[in-house]
> 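Can you keep this structure in mind? I'll have questions shortly.
In what follows, chains carry the letters A, B, and so on, assigned in the order in which the sequence lines appear, proteins first and then strands, with residues in each chain numbered from 1.
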2 protein chains.
Amino acid sequence: MVPPEGHGGGEGKVPEGHARAEARLPDGYDKYAFEPFAVAVDLAVFTVRGGEMQALLIRRGQEPYAGRWALPGGFVRPDESAETAARRELAEETGLSGTAAAGLHLEQLRTYSEPGRDPRMRVVSVAYTALVPDLPEPRGGGDAAHAQWLPLSGLGIRAEHEAVQAGREGAVVDDRALSRGTVLAFDHDRILAHARERVRAKLEYTGLATSFCPPEFTLGELQQVYEAVWGTPLDRPNFRRKVLATPGLVEPVPGAARLTKGRGKPAALYRAGGAAALHPPLLRPSREGRPA
Amino acid sequence: MVPPEGHGGGEGKVPEGHARAEARLPDGYDKYAFEPFAVAVDLAVFTVRGGEMQALLIRRGQEPYAGRWALPGGFVRPDESAETAARRELAEETGLSGTAAAGLHLEQLRTYSEPGRDPRMRVVSVAYTALVPDLPEPRGGGDAAHAQWLPLSGLGIRAEHEAVQAGREGAVVDDRALSRGTVLAFDHDRILAHARERVRAKLEYTGLATSFCPPEFTLGELQQVYEAVWGTPLDRPNFRRKVLATPGLVEPVPGAARLTKGRGKPAALYRAGGAAALHPPLLRPSREGRPA
DNA sequence: CCAAAAGTGTTCAGGGTACACCCATGC
DNA sequence: GCATGGGTGTACCCTGAACACTTTTGG
């Protein structure tokens, strides 16, 4: 912050830059005195389909990285925040209406600003993670049907324990050891890997898993979300008890019940609870070291 | 990302903007076709002194917000990443040499991009959190001695449970209910509150607390860090056992021992362990709801 | 000898894991 | 009836909380 002044000292720390620096007013500032940064948003949109996590990706038509998959995204417009831009892109890319997209979970992940990450110009990208339920036909409704769900397993995104082996021991996964190769355009492998790790971790201590579910869901469906994201089978009785014992995670829909796959006993329905933070957390099992 | 192309579709989604948009080349792009964004870094630098968390702040000398405290920070230069810029600013502001500052914990917090956050122009700020030990004289060694440590308790930064009361129930504190008023310049109250909450949370499941300690420290000192950050007294025997039972948190310095305040039994010395992630986590007690 | 800080031992309750068992529905 | 998924009960283990106690230093 504190643009032209530097900070407190008052010696006008404007970056010298190779920019079109005109007169740098001593008491004012010149909007165009800096090397231009483009500010964009990138979206890591996840869903759970067919028992595994999938990401919404876009096939690039032009250089650089023509033909490669990339994260959806776009520029931040002059009058909007990155958050707003991300929400707008999310609605466009999922093909949902603005009001429908407003209910989706959207969360800032982190910002990627390495100078060389786009070969054409300096682009600073604020990455967001979005979680959507398994929509019937989630692609862009109109012409932008180039968006597609792809399972993470086919994208060289490593599971955490593999990455930990590749890197050093108990690192919190800020590393780039998470993506096996360069499958996606730009640094999107890294972004997607970071986003996936964040989601995996957040399922433990937040009610995030319900964002993958439709408005009303059964505990079996919720368990499938956990199992898909963590890649671990869970004990059904214990899962059930933990979820119901966690205040604010889910709340029952009074009389409702539904069959799951045409088979078995009809299951009670639940809605997402209001609480975002879970106490106690719902820990995933094993994690190299202690048993289960 | 994917600057001038939009994404895959190929319809050149360049933001229209009130910008100096000249000819928008269909296959190329114009670096200056966008409203200029300034990209800056803001630093929330914390230490533990006198039994409480303190932040490094700077007194602003000019408008806007002249006379108010602000977070240290500065612009990202054309050839550096936000990470590099943050590291550079951290070294400048703490007065440490580059090599000494390289050892400090520095971590990206999140990015603030609301259009009106700086009244003068559009500034997108990537905020970082830094943790430093209680340095003897941590201010800028030279002329920039305007940086000062201030206890958070005097800045209207709420504790988590207060913020939770103010907001809704178990929210994960992405709210602005964390800062009581507007004490700092710009949106720095909010940034500082977010940073503090992150540090508090991260102490539970990472080895971050050692970043507040000198290279060699006693378990008593480490415990004081936890107690200061969480604002809760901890049971010494249990703390001791947990820390020593957590692989990679600390490692003993073979023969060393030191007195703590001239009094009592000399304590064994420890170094920070290599592990960043703790299993099992070191949970803080109570947290409104379950006892302790 | 006393105060202060470090370090050890022990008890006890709650929560997590594992697993056995019963219920309801479609075919 | 049988397969499939939903739901309940229970025994055991282990961690974490509480607290009593010993050790080593300076005054």
Side-chain angles (χ1 to χ4, degrees), chain A residues 51 203-205 213 216-228 230 232-247 249-250 252-270 278-287 289-292, chain B residues 51 203-205 213 216-227 230 232-247 249-250 252-270 278-292:
Chain A
L203 245 55
E204 288 193 336
Y205 57 95
C213 295
E216 299 191 342
F217 51 87
T218 71
L219 293 186
E221 290 166 350
L222 185 63
Q223 182 176 348
Q224 283 170 24
V225 166
Y226 277 91
E227 291 178 335
W230 286 345
T232 318
L234 299 175
D235 182 85
R236 188 162 32 83
N238 294 334
F239 176 81
R240 177 181 194 73
R241 261 187 298 266
K242 269 186 178 173
V243 167
L244 294 179
T246 303
L249 216 198
V250 298
V253 179
R258 178 174 29 111
L259 265 67
T260 300
K261 280 181 215 158
R263 273 248 177 296
K265 181 178 180 176
L269 290 178
Y270 294 85
L278 301 189
H279 296 291
L282 201 61
L283 297 171
R284 56 185 134 165
S286 71
R287 284 234 197 190
R290 65 199 55 266
Chain B
L203 244 57
E204 288 194 335
Y205 57 96
C213 297
E216 298 191 343
F217 52 87
T218 71
L219 293 187
E221 290 165 350
L222 185 63
Q223 181 176 347
Q224 283 170 23
V225 168
Y226 276 91
E227 291 177 335
W230 287 344
T232 318
L234 299 174
D235 182 84
R236 189 161 33 82
N238 293 334
F239 177 82
R240 179 183 191 72
R241 262 187 298 265
K242 268 186 178 172
V243 167
L244 295 178
T246 303
L249 216 198
V250 299
V253 179
R258 181 184 11 122
L259 264 65
T260 301
K261 280 182 214 157
R263 270 246 170 310
K265 182 176 179 176
L269 290 176
Y270 294 85
L278 302 189
H279 297 291
L282 201 61
L283 298 172
R284 58 185 131 162
S286 72
R287 283 237 198 187
E288 44 89 30
R290 60 201 58 269

> List the residues meeting side chain to side chain donor-acceptor pair (under 3.5 Å) with A/R236, not counting sequence neighbours, and say none if there are none.
none

> Quick one: on DNA chain C, does A/D235 or A/K265 contact a more 5' nucleotide (nearest heavy atom)?
A/D235

> Rounded off to whole Å, could you give me the CG-to-P distance for the B/L219 and D/dT23 pair?
20 Å

> Within this structure, what is the OH-CG distance for the pair B/Y270 and B/L249, rounded to the nearest 0.5 Å?
11.5 Å

> How many Å lie between CG on A/L244 and P on C/dG16, as a whole number?
13 Å

> Does B/K242 place a side-chain N or O at less than 4.0 Å from the phosphate oxygens OP1/OP2 of D/dA17?
yes

> Out of D/dT24, D/dG6, C/dC19, which nucleotide sits closest to the side chain of A/N238?
C/dC19

> What's the closest nucleotide to the A/P266 side chain, out of D/dC19, C/dC19, C/dA24?
C/dA24

> Looking at D/dG5, D/dT8, D/dG7, which one has an atom nearest to any side-chain atom of A/P237?
D/dT8

> CG/A/L219 to NZ/A/K242 distance, rounded to the nearest 0.5 angstrom?
14.0 Å

> Out of curiosity, A/R240 CZ to A/L234 CG, how far, rounded to the nearest 0.5 Å?
14.5 Å

> Measure the distance from CD on B/E221 to P on C/dA6 and round it to the nearest whole Å.
8 Å

> Which listed nucleotide (C/dC19, C/dG7, C/dG16) is nearest to the side chain of A/P280?
C/dG16

> Measure CG/A/L283 against P/D/dG16 and give the value in whole Å, please.
11 Å

> Which sits closer to the 5' end of DNA chain D, B/P281 or B/R263, going by the nucleotide each is nearest to?
B/P281

> In whole angstroms, how far is the P atom of C/dG16 from the CZ atom of A/R236?
19 Å

> Given atom CZ of B/F239 and atom P of C/dT8, what is their separation to the nearest angstrom?
15 Å

> Of the candidate nucleotides D/dG5, D/dA18, D/dG26, which contains the atom at the shortest distance from the side chain of B/L259?
D/dG26

> Nearest to the A/R241 side chain among D/dG9, D/dG7, C/dA5, which nucleotide is it?
D/dG9

> Which whole-number value in Å describes the distance from A/R240 CZ to C/dC19 C1'?
17 Å

> When you measure from the side-chain N and O atoms of B/T260 to the phosphate of C/dA6, is any distance below 4.0 Å, counting only OP1 and OP2?
yes

> Measure CG/B/L234 against P/D/dG16 and give the value in whole Å, please.
14 Å

> Rounded at 0.5 Å granularity, tell me how far OG1 in B/T260 sits from NZ in B/K265.
12.0 Å

